[in-house]
Amino acid sequence: MADHHRARIEFDPRFTVAEVPDRLFGSFVEHLGRCVYTGIYEPEHPTANEDGLREDVLDLVRELGPTMIRYPGGNFVSGYRWEDGVGPKEDRPRRLDLAWGVTETNQFGLGEFMKFCRTVGVEPNMAVNLGTRGLQEALDLFEYANHPSGTHWSDLRRAHGDEEPYGIKLWCLGNEMDGPWQIGQRTATEYGRVADQVARSLRMIDGSADLDLVACGSSSRGMPFFGAWENEVLTHTYDSVDYISAHAYYHPLDGDVVSFMASAQDMELFIDGVIATADAVGAKLKSDKKINISFDEWNVWYQTAPSGERPEPWSTAPRQLEDHYSAMDAVVFGSLLITLLRRSDRVTAACLAQLVNVIAPIMTEPGGPAWRQTTFFPFAEASKYGRGTVLNVNAASPGFATAKYGEVSALHSVAVANEDGSVTVFAVNRDLETPMTLEIDASSVRVGDVTVSTLTGERDAKNTLDDPERVAPVANTDVTVKDGTISVELPAMSWNTIRIV
Ligand code: AHR
């Protein structure tokens with residue numbers, strides 16, 4: 001095995017992939033565990049504002065830089081009655097949440113979510129319940145949210161204090177309807193038909209062209225009907241929706257961390273499969289329209305982790321899915337972000353699942369502090385510096401062998417021409433053992449300052465309540481510039497943000 005890799009990339013700002021879609025840096029708030037309660041919303045917290053939102057969390061969310069937030073689920077939405085979460089809080093019912101085996105207090109609902117979105121400046125992405133409910137309830141919710149006034153539901157919203165309609169443009173038609181774990185799981189035909197009916201009817205209320213509707217794709221690439229599901233659902237909905245969703249979570253199965261480092265391979269194959277299927281349906285229907293992907297759940301998720309998985313039955317806001325991420329997880333996470341950017345010609349919306357406490361970049365303690373997980377940093381850097389135009393990158397990199405994906409290139413990278421004329425290269429060295437010299441042929445751009453920020457560390461190093469700043473990116477000064485070529489030393493297992501200003 002080599003003890004040092006050498007890789008090279010080249011790009012030219014004239015040769016582009018796509019404008020980076022604003023919605024690519026979405027995230028997700030579900031009524032699950034402590035994402036909402038004691039996550040973003042904790043009226044008793046010392047930093048809580050008048051809306052009960054934690055200011056310490058709001059500050060971290062702003063620093064993270066999401067552009068859009070999906071809400072209220074996830075599996076939760078498939079049993080949710082949205083009316084429970086609006087109006088005077090003392091009148092809101094407590095309900096069993098079958099998805100997560102807990103009690104939902106409904107002290108946070110649509111109005112509070114919209115306040116949260118306005119406070120942090122993100123676009124809302126609302127999901128409707130197509131599990132226990134259907135067309136009529138989706139229409140009622142839409143009318144409450146988006147109709148100006150003069151009807152039962154719109155006037156109820158105004159009576160609840162929100163005079164102006166919310167103007168929500170992006171709607172998910174259900175969640176993971178193919179999953180046996182989903183309340184009200186449907187066949188592809190059943191789901192395709194109801195999704196089409198809902199989509200067409202929502203457009204009868206709001207005929208504006210910028211209403212964007214997401215049909216549920218497969219819950220993962222590993223689902224038994226992956227491909228066939230998309231084919232059937234899109235055959236029913238091709239004319240009425242804009243996106244098909246994709247969800248993917250990665251963790252080192254059987255401890256195979258080498259394959260885990262190459263998880264982005266699976267994400268690339270997943271995107272290829274969904275696009276091929278969607279375009280095949282379009283061809284069959286002789287349509288010029290393209291259906292894009294909303295990758296509205298993606299992350300590293302240790303689904304076998306025992307901690308917090310079995311809460312006290314019907315407790316309220318217990319600790320659930322509270323993964324603590326390592327430096328290695330952050331590097332894999334960064335490589336997934338690179339893939340989303342590389343494929344942003346067809347992946348035009350995406351949501352990091354989730355935002356706070358639940359498989360999240362931000363952690364909190366009830367009544368206590370909030371801190372950044374390791375995965376916080378790649379997202380924040382990509383959201384800050386990954387805006388503009390994705391460039392075609394030619395790359396030459398040595399590979400490494402994986403059990404799951406065969407030979408995989410050690411370098412995973414993307415270049416973005418930023419609006420201010422600078423270029424940012426995001427580069428991951430996926431090799432766990434071997435450092436790399438990355439040569440960037442920057443002869444097509446003006447090279448002034450080059451700054452590099454690198455996140456690496458011990459594989460298992462984590463940020464915790466007791467040690468919240470153990471892992472963070474540091475300035476990497478191992479950089480030289482000569483005759484238009486930039487050479488950067490990338491440590492083994494590292495995420496790197498290279499700014500060419
Ligand atoms: O994000 C956690 C869960 O993962 C969501 O509720 C569900 O949609 C997916 O299975």
Side-chain angles (χ1 to χ4, degrees), residues 26-37 39-40 66 68-80 96-102 104 108 113 125-132 171-186 191 195 214-226 229 233 243-251 263 266-267 270 293-305 307-311 317-325 329 333 336 349-363 373 375 379:
S27 186
F28 178 28
V29 167
E30 177 167 0
H31 285 250
L32 197 186
R34 300 191 307 113
C35 186
V36 171
Y37 303 110
I40 59 175
M68 169 267 276
I69 308 273
R70 180 169 174 251
Y71 174 84
N75 297 338
F76 172 79
V77 78
S78 294
Y80 184 47
L96 295 183
D97 165 15
L98 305 188
W100 299 106
V102 299
E104 171 56 50
F108 189 97
F113 172 63
N125 170 359
M126 191 72 193
V128 303
N129 173 357
L130 295 184
T132 58
W171 293 80
C172 293
L173 308 177
N175 177 71
E176 295 190 347
M177 298 308 303
D178 61 332
W181 57 87
Q182 202 67 216
I183 305 166
Q185 180 197 11
R186 296 182 190 246
Y191 171 69
V214 186
C216 293
S218 298
S219 303
S220 77
R221 182 168 168 252
M223 292 300 285
F225 302 115
F226 172 59
W229 172 275
V233 168
Y243 294 96
I244 183 90
S245 72
H247 292 177
Y249 294 101
Y250 298 99
H251 72 285
S263 297
D266 180 83
M267 190 183 239
F270 194 176
I293 296 179
S294 173
F295 218 116
D296 49 34
E297 291 187 30
W298 67 270
N299 205 346
V300 171
W301 175 7
Y302 285 73
Q303 300 196 33
T304 49
S307 63
E309 292 290 326
R310 286 190 192 79
R319 291 176 194 265
Q320 287 176 293
L321 280 50
E322 297 199 2
D323 278 12
H324 296 275
Y325 292 116
D329 296 329
F333 177 99
L336 301 174
C351 300
L352 155 61
Q354 300 192 3
L355 185 63
V356 184
N357 288 329
V358 173
I359 46 173
I362 298 169
M363 297 299 288
Q373 292 237 53
T375 52
F379 192 97

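Note that ligands are numbered from 1 as they come in the structure, with each ligand's atoms numbered from 1 the same way.
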Select all protein residues for which some heavy-atom-to-ligand 1 distance is less than 4.0 Å, and list them by chain and number. Phe28, Glu30, Gly74, Asn75, Trp100, Asn175, Glu176, Tyr249, Glu297, Trp301, Gln354, Ile359
If the condition is salt bridge (charged side-chain N to carboxylate O under 4.0 Å, His left out), which residues does [X] pass it with, not counting sequence neighbours?
| X | answer |
| --- | --- |
| Glu176 | none |
| Asp97 | none |
| Arg186 | none |

Is a side-chain N or O of Tyr80 found less than 3.5 angstrom from the main chain of Gly73, in a donor-acceptor match? no
Do Tyr243 and Asp296 come close enough that some side-chain heavy atom pair is under 4.5 Å? no
Nearest-0.5 Å distance, CG of residue Asp329 to CD1 of residue Ile359: 12.0 Å
